[in-house]
Colleague: 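Below are the structure tokens for one structure; questions will follow.
Note on naming: letters A, B, ... go to the chains in the order of the sequence lines (proteins, then strands), and numbering restarts at 1 for each one.
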There are 2 protein chains.
Amino acid sequence: MTATEGPSAGEGAAVTRGDSRTDTEGRGTAVRAEPARRRGDTVAEVVRQWRAVHPDLDTGPMEVIGRINRCSALLQQAEDAPLRRAGLTRPEFDLLGALRRTGRELTPSELARETFSSGAAVTKRLKQLTERGLVERRGDTRDRRVAHVRLTDAGRDLVDGVLPAQLAYETAVLSGLQGPERGELAALLGELLGQLEGRPGTLRA
Amino acid sequence: MTATEGPSAGEGAAVTRGDSRTDTEGRGTAVRAEPARRRGDTVAEVVRQWRAVHPDLDTGPMEVIGRINRCSALLQQAEDAPLRRAGLTRPEFDLLGALRRTGRELTPSELARETFSSGAAVTKRLKQLTERGLVERRGDTRDRRVAHVRLTDAGRDLVDGVLPAQLAYETAVLSGLQGPERGELAALLGELLGQLEGRPGTLRA
DNA sequence: AGAAAATCCTTTACTAGTAAAACACCTGTT
DNA sequence: AACAGGTGTTTTACTAGTAAAGGATTTTCT
């Protein structure tokens, strides 16, 4: 995805913050000064633009990949809100959530794998979360290279307190998908994700 | 996005074997002890773990949102490869792509809107892309606050050279979805995205 | 045993992003 | 005409991530 699908169009790039934009429109530049359109999404517009410039290329994949990225960007921004109220960033919550979900101690390596982050990033997050009293560490008795991390009571309570708000919010966000649509979408995404995860080599090329 | 590799996908650990992500939402969860499973995706496992711990919560939304986030992370990481060969990061390519797509000059503000980035980020990227000779700027004759950015010939050639490889790669990545599935997925994502974009307020809550 | 290689985690140096302030300029009101 | 306020872009100070190197320990090989 990349820009191809782009952020611009839709890729998923960061979703902006409150930039003041307000295009006066009067200046000839307004790219599309249209207000958010009620129907249609921004990716469709980007795809249309690309097709106009390169009619020979198959832009089909953009409609899937661009939308996934754009949805992800919007959803993550949206979901940051409940977390921020709890004083957590998403990567921090992911780390705490991994501990809560698995219900046991995890080593930093395991946490890196679970949260799909680098080991260095986990080290940094653990430092902060430890200082805030949300997790505790202990050394392994046999292998002194290894550490074991567990949630403190405060950490567990924080996760358990945030999770329902998070899920409620997600439910609201998806409320536009009616009837069987949500399930269909989940199934199709599961299929795609299974493919992506099942064939790592494919992604490398 | 973000990041050289992508925001979330970090790490070189890329797809090793049991990698998985998805955390709550898609961030990471690799449930590690199990060998790579041929069937099923990691989000399903994470959801299962959460349900075991909190049987009372409705984890339905996770199956959609978690998968979107996880797919996005994997896809972005994967798609960085063709771009990196061209010496571009994704945000850089997104910026160039916006100029190519629209076929005209854009101001920094417009580029920020098109690429969903902050103005400051656009300023930084423009600086680098200008130094590399991929874009040019000129001041507005009437309003001297405004700049206009356009692709150089080299910039346009670079975009046009990279785009086909990008699309070909995306097609390969999605090849697991057979028949009408890709179109169905695109349609459902479009519907969701239309909802998300059409009601910004919803996301803010 | 002892050296070499592997493993776990952290540290270092650096990058790219953000938020907020700063600048420069324009516009509308009086 | 002049000033108050708005807009377009850049700058500043800072954050969190990465890659690669480092330190410590364990495992493997001979």
Colleague: What is the distance, rounded to the nearest whole Å, between atom CG of A:D94 and atom P of D:dA16?
Modeller: 15 Å
Colleague: For B:E92 and C:dT15, what is the distance between atoms CD and P respectively, to the nearest whole Å?
Modeller: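 Between P of C:dT15 and CD of B:E92: 13 Å.
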Colleague: What is the distance, to the nearest angstrom, from the CD atom on B:Q76 to the P atom on D:dT18?
Modeller: 13 Å
Colleague: Might you point out which heavy atoms bring A:R145 and A:D143 nearest each other, and give the distance in Å?
Modeller: NH2-OD2, 2.7 Å
Colleague: What is the distance, to the nearest angstrom, from the CD atom on B:E131 to the C1' atom on C:dA16?
Modeller: 15 Å
Colleague: Is a salt bridge present between A:R142 and A:D140, judged by a nitrogen-to-oxygen distance below 4.0 Å?
Modeller: no
Colleague: To the nearest angstrom, how far is B:R113 atom CZ from D:dT9 atom C1'?
Modeller: 13 Å
Colleague: Round to the nearest Å and state the distance from B:L95 atom CG to C:dG17 atom P.
Modeller: 10 Å
Colleague: Check for a donor-acceptor pair, side chain of A:T152 on one end and backbone N or O of A:L134 on the other, with a separation under 3.5 Å.
Modeller: yes
Colleague: Select from A:T89 and A:T141 the residue whose nearest nucleotide in DNA chain D is closer to the 5' end of that strand.
Modeller: A:T89
Colleague: Could you tell me whether the side chains of B:E136 and B:T130 share a donor-acceptor contact shorter than 3.5 Å?
Modeller: no
Colleague: Can a side-chain donor-acceptor contact be found between A:E197 and B:T42 if the only test is distance below 3.5 angstrom?
Modeller: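 The criterion, which ignores hydrogens and geometry beyond distance, is satisfied for A:E197 and B:T42.
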Colleague: So, are A:K124 and A:E92 salt-bridged, with charged N and O less than 4.0 Å apart?
Modeller: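 Salt bridge: no.
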Colleague: How bent is the helix from C:dA1-D:dT30 to C:dT30-D:dA1, comparing axes over its five end pairs at each side, to the nearest 10°?
Modeller: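 The angle separating the two end axes equals 10°.
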Colleague: Looking only at side chains, do B:S72 and A:N69 share a donor and an acceptor under 3.5 Å apart?
Modeller: yes
Colleague: Considering heavy-atom distances to DNA chain D, does A:R125 or A:R142 have its closest nucleotide positioned more toward the 5' end?
Modeller: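 That would be A:R125.
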Colleague: Working note: A:L126 + A:L111, criterion side-chain contact (heavy atoms from CB on, under 4.5 Å); need CA distance, chi angles, decisive distance, verdict.
Modeller: CA-CA 10 Å; A:L126 285 176; A:L111 283 167; 4.1 Å; yes
Colleague: Any chance the side chains of A:R125 and A:S117 put a donor and an acceptor closer than 3.5 Å?
Modeller: yes
Colleague: Base, backbone or nothing for each nucleotide of nucleotides 5-11 of chain C, written B, S, -, heavy atoms under 4.0 angstrom, 5' to 3'?
Modeller: -BBSSBB
Colleague: Starting from P on D:dG17, measure out to CZ on A:R90 and report it in whole angstrom.
Modeller: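 Interatomic distance, CZ of A:R90 to P of D:dG17: 13 Å.
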Colleague: Compare side-chain N and O positions of B:S118 against OP1 and OP2 of C:dG17 and report whether any pair is under 4.0 Å apart.
Modeller: no
Colleague: Figure out the CZ/P separation between B:R84 and C:dA16, and round it to whole Å.
Modeller: 13 Å
